[in-house]
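I have placed the structure first, in the form of structure tokens, so that the comments after it can refer back to it.
So that the names make sense, note that chain A is the first sequence line, chain B the second, and so on, each numbered from 1.
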Amino acid sequence: MANHIINLFVSRAAKYIFCVVFLAAMVFRFLAWRGLQMAITIIGVILVLFLLVRVLPGDPARLLAGPEASQEDVEELRRLLGLDRPLHEQFAAYFLSVLSGDLGTSYRTGEPVIAEIMRRLPYTLALAVAAQSLAIAVAVPLGIVAALRPRSMAGYAASIFGVLGSSLPVFWTALLLIWAFSVELKVLPSGGAGTPAHMVLPTAVLALFLMGNLVRITRASLLEVLGANHVVTAHSKGLPWNKVLTRHVIRNALVPIVTLVGVQFGTLLGGAVITETVFGWPGIGRLVVESIFVRDYAVLQGTILIIALFFMLINFLVDIVQMFIDPRTRNV
Amino acid sequence: MSDLIKRVKAAKRERTMQMWRTFRANRAAYASLYVLAAMALMALIGAFYTPYDPYRIDLSAALGFFSLAHPLGTDWLGRDMLSRVMEGARYTLGISFAAVLLGAALGSALGLVSGYYGGLLDAIIQRATDVLLAFPTILLAIALTSVLGVGIVNVVLAAGIATVPIYIRLVRNLTLTLRNEPYVEAGRAMGLSGPYILFRHILPNLSYVIVVQSTYYMGITILIVSALGFLGLGVPKPIPEWGTMIGDARDYIFTYPHVVLVPGVFISAAALAFNLLGDGLRDALDPRMATLLRRA
Amino acid sequence: MTLLDVRGLTIHYDLPQGTVRAVEDATFTVDRGEVVAIIGESGSGKTTLAMAIAGLLRPPGRVVRGHIYFDGLDLSRLDDDKWREIRGRDITVVFQDPNTYLNPLMSVGRQVAEVFEAHGMGSIRSREVAERAIEILRRVRIQDPDKRYWSYPHELSGGMKQRVLIAMAIALKPKLLIADEPTSALDATIQAQILDLLEELRREMGMSLLLITHDLGVAARIAHRIIVMYAGQMVEVGRADEIMSDPLHPYTRALVRSVKLDRKRLLGVPSGAPPSLISPPPGCRFHPRCPYATEQCTTWRHTLYVRDNRRVACVLYA
């Protein structure tokens with residue numbers, strides 16, 4: 001009997017190494033399973049995007065060549081692009097080129113699409129990280145306090161943020177802030193990028209929007225856990241309130257919060273389309289809108305593909321984080 | 001026997017009254033009912049009567065601030081803002097409503113079938129859902145409008161289809177849990193047909209979840225529809241859909257902000273009302289309070 | 001020797017729909033080493049009573065009147081810090097549904113170890129505390145306790161989870177263990193095992209056991225005394241063998257008869273739910289279902305009449 005205990009505690013380090021290896025093994029099994037699922041989804045996404053361009057109004061070769069090109073040039077381009085071949089051959093060709101990292105060429109700039117995306121990515125990333133961090137820093141503590149003290153200032157603030165954040169249209173709050181801070185107060189630029197000041201308004205607009213759902217989920221999740229039976233058990237042990245709160249309430253309440261943050265951040269990485277457009281922020285989201293208006297379908301197709309990949313990747317990372325928090329998700 | 005039926009009916013009525021009382025206790029939700037009724041009325045009146053012709057250009061009255069003649073001012077072409085907001089209500093709210101109806105009906109039907117029958121059909125629907133869920137909702141709507149082009153029906157399709165995968169997931173998961181309920185299994189054992197069980201036993205039990213979810217989705221869809229309008233991907237040009245009004249006027253934020261800000265108040269109020277209504281409905285339809293009463 | 005002395009305890013829930021009179025005027029004692037069972041249907045207030053004794057009553061529930069004396073201490077006057085010392089050490093609870101009363105995100109061993117930590121015996125990360133927790137897990141007959149220490153609730157069966165909850169409750173050798181429907185969520189065979197385990201641990205540790213159950217069969221099996229509750233009020237109190245052989249109150253009679261004939265439903269009593277505790281029937285709360293009810297019962301005021309060494313609340317024994 002003593003042997004068991006010695007075996008168990010002979011080396012703390014060995015224990016932790018075992019735990020890490022064990023978790024790693026589960027993460028690996030999970031990776032393999034989810035990887036397969038994701039592969040199927042990615043093929044589906046590529047197929048959808050391929051078909052998207054086929055059903056778009058207009059002749060892709062004509063669009064690619066531009067309105068001034070001669071009929072012969074268009075025919076030449078059609079052959080060059082393989083648009084005269086059967087649909088499934090075209091898809092195979094497109095699929096292979098996507099796998100090799102070639103997302104096509106912008107007809108406007110003649111540049112590879114991937115180069116344009118890479119140039120825009122840092123802007124989107126910066127805005128996403130800033131807005132998400134701000135939203136978490138404000139919304140999660142606010143939601144927690146609101147759940148614990150519903151009749152406090154924080155409780156009312158949470159109610160207001162919670163409902164306004166998800167009700168005000170982003171383009172409207174953006175214009176409102178431009179009017180207040182750029183036109184009236186003249187303290188912040190109304191658009192563009194370059195200095196940190198340029199980031200303030202777009203970050204604020206996005207953070208307000210994200211906070212809406214985040215405050216609500218945090219409060220609701222915490223209230224639900226506070227009413228859960230296992231919290232009664234924790235009290236019945238005589239555990240001090242602060243330990244009940246950190247170990248049995250907040251940790252459990254984190255599960256849905258992490259999921260929501262994942263979805264939000266994934267959406268942001270896909271470009272905050274509206275915010276980027278209003279503020280002229282040169283990110284991926286604005287690229288989508290620009291390419292729609294100039295009918296640069298290779299760029300549209302490539303950008304949406306990258307956004308979808310990011311979105312899937314973030315969801316996947318969230319699932320892995322979830323495995324660390326919630327043991328029930330470890331058995332796939 | 002008839003006494004029993006009377007008692008059951010009374011109990012049902014009592015439960016409905018209880019829900020209504022819970023709903024009324026939520027003052028914000030109750031008030032939002034009035035806001036939405038007013039908006040619906042505005043959309044209805046706007047279809048037959050507006051103070052001015054919402055499309056008539058009068059450059060002499062351009063960019064007027066709030067006045068007695070034009071309570072919400074005029075835009076850069078001198079069009080009466082109040083008339084345009086009234087005219088636009090029908091488009092923004094109507095399109096959003098139609099889109100939610102489409103998304104809820106299509107998504108719920110697919111989710112029910114997918115969850116109840118399982119097998120290959122479920123696998124196919126689920127993989128398709130995975131693909132659609134790989135795009136953020138707003139981006140999916142934008143991508144769809146770029147394919148379909150500008151137009152009222154196209155906006156309904158784009159905004160509706162964008163929410164379909166979310167309904168599929170929700171309804172499928174609920175159906176999976178309900179499928180193993182004793183009364184459903186009893187129905188199967190009695191040889192009731194699949195569609196009968198789906199529509200008579202499963203759908204009624206999850207309908208309230210769909211209703212609450214759809215109320216929230218009205219709020220979200222109003223934002224999506226007006227965002228499409230703002231980007232110029234919504235309804236065709238002169239139609240004063242609220243988001244389109246803001247998108248067309250956005251450069252006036254520097255000079256005549258009221259032209260930009262007025263339609264936004266209406267979008268915000270509509271979305272806000274639906275969100276609050278959703279909260280109220282959720283609380284009223286939540287049977288947990290009843291369980292608490294019984295257990296006490 | 002009296003350990004627990006409950007006097008005139010009245011508990012209400014203030015809900016928007018009205019005041020739920022969950023427990024009214026509960027008065028009884030539990031001696032050291034004694035097993036007392038509180039019997040009642042769901043909605044009879046027995047769980048509320050147990051939670052109040054364990055200091056776990058949550059709003060909107062509140063004690064309106066009455067006192068709980070435990071080991072000479074007036075529990076209703078304790079502050080939070082003192083309560084925390086008593087909970088988990090002197091008074092512990094085994095809850096009814098092992099599936100929801102364990103934290104799904106924490107290993108069961110740590111959840112047991114927390115009891116030691118809560119009472120100042122070291123952090124749950126310390127080796128001594130973990131060793132003690134494993135020892136307690138072994139005590140409640142969990143196989144391979146050192147492996148099970150790291151299991152999560154969802155990896156264990158219902159019976160195992162209930163053993164873990166019992167382990168927490170006996171870890172510090174409490175004076176009073178309150179078991180709230182400890183077996184109702186379990187299979188019949190597991191039920192017997194858990195009951196035997198509780199009885200065995202009680203005898204070894206010399207603690208008192210307050211058993212809350214709707215199942216008279218379970219109560220008869222291990223209880224010395226039985227308290228029968230109906231709609232928030234005590235209707236009969238007496239020795240278990242006497243109540244089983246000669247039930248006095250009409251409600252108790254129906255209960256005993258149905259247990260002896262092994263029926264799930266009450267015999268000789270019209271079916272129906274116990275009355276609403278917001279607006280209970282006037283007079284005796286059982287009279288709408290009582291086969292012996294007379295005009296008198298609608299105006300009668302609840303009183304416990306002493307009869308030999310029994311107390312019974314029925315006008316038949318006035």
Side-chain angles (χ1 to χ4, degrees), chain A residues 1-12 15-16 18-19 22-23 26 148 150-151 221 223-258 321-331, chain C residues 51 54-56 58 80-81 83-107 109-112 114-120 124-128 130-131 134-135 138 144-147 149-155 165 168-169 171-172 178:
Chain A
M1 181 196 83
N3 237 355
H4 283 297
I5 297 168
I6 291 166
N7 274 345
L8 190 60
F9 295 103
V10 90
S11 156
R12 220 95 233 281
K15 174 96 222 159
Y16 280 116
F18 172 76
C19 275
F22 187 60
L23 262 179
M26 273 186 306
L148 297 177
R151 305 217 171 273
S221 167
L223 281 177
E224 193 182 326
V225 179
L226 278 171
N229 286 337
H230 75 258
V231 176
V232 179
T233 310
H235 280 303
S236 82
K237 293 176 194 173
L239 210 59
W241 172 232
N242 61 345
K243 279 190 179 146
V244 175
L245 198 62
T246 49
R247 269 188 209 154
H248 295 280
V249 178
I250 293 185
R251 190 182 138 101
N252 293 49
L254 224 49
V255 175
I257 299 173
V258 167
V321 172
Q322 228 48 305
M323 283 173 71
F324 280 92
I325 304 179
D326 187 349
R328 286 168 298 183
T329 59
R330 286 178 205 161
N331 312 346
Chain C
M51 290 300 120
L56 293 172
R58 293 205 276 191
D80 285 355
D81 285 337
W83 248 125
R84 208 155 46 223
E85 276 176 35
I86 289 179
R87 268 202 301 260
R89 194 187 64 198
D90 297 329
I91 302 179
T92 61
V93 189
V94 173
F95 297 98
Q96 54 181 308
D97 180 2
N99 299 311
T100 60
Y101 280 93
L102 287 172
N103 184 344
L105 307 191
M106 199 178 197
S107 85
R110 288 197 148 193
Q111 294 190 53
V112 176
E114 265 193 325
V115 179
F116 296 104
E117 191 195 66
H119 295 278
I124 52 168
R125 293 173 197 284
S126 83
R127 181 193 296 194
E128 301 78 57
E131 280 172 22
I134 289 171
E135 213 33 62
R138 192 186 312 281
D144 294 330
D146 41 2
K147 281 198 199 109
Y149 185 92
W150 294 104
S151 296
Y152 288 94
H154 73 278
E155 296 164 341
L165 278 173
M168 291 178 197
L172 296 175
I178 301 169

Heavy-atom side-chain contact between C:Phe95 and A:Val232 under 4.5 Å: yes
Side-chain (A:Lys237) to main-chain (C:Gln111) donor-acceptor, under 3.5 angstrom: yes
Side-chain heavy-atom pair A:Asn252, C:Pro104 within 4.5 angstrom cut-off: yes
Structural part of C:Leu102 lying under 4.5 Å from a heavy atom of chain A: backbone
Which residues share a side-chain hydrogen bond (donor to acceptor under 3.5 Å, both in side chains) with C:Asp80, sequence neighbours left out: none
Under 4.5 Å from a heavy atom of chain C, the part of A:Leu254 involved: neither
Residue part contacting chain A, namely of C:Leu165, when any heavy atom lies under 4.5 Å: side chain
Where C:Arg58 and A:Ala228 come nearest, the two heavy atoms and their spacing: NH2-O, 4.1 Å
A:His230 side chain near C:Leu105 side chain, heavy-atom distance below 4.5 Å: no
Of A:Thr233, A:Leu239, A:Val244, the residue whose pairing with C:Glu114 passes side-chain contact (heavy atoms from CB on, under 4.5 Å): A:Leu239
For residues 87-94 of chain C, which side-chain N or O atoms pair as donor and acceptor with protein atoms under 3.5 Å away, sequence neighbours left out?
from	atom 1	to	atom 2	distance (Å)
C:Arg87	NE	A:His235	O	3.0
C:Arg87	NH1	C:Gly55	O	2.7
C:Thr92	OG1	C:Ala169	O	2.9

Any donor-acceptor N or O pair under 3.5 Å, side chains C:Asp97, A:Asn229: no
Segment of A:Val225 engaging chain C (4.5 angstrom heavy-atom cut-off): neither
Value rounded to 0.5 Å, distance of CZ in C:Arg84 from OG in A:Ser236: 13.5 Å
Ion pair check, C:Glu155 and A:Arg328, cut-off under 4.0 Å: no
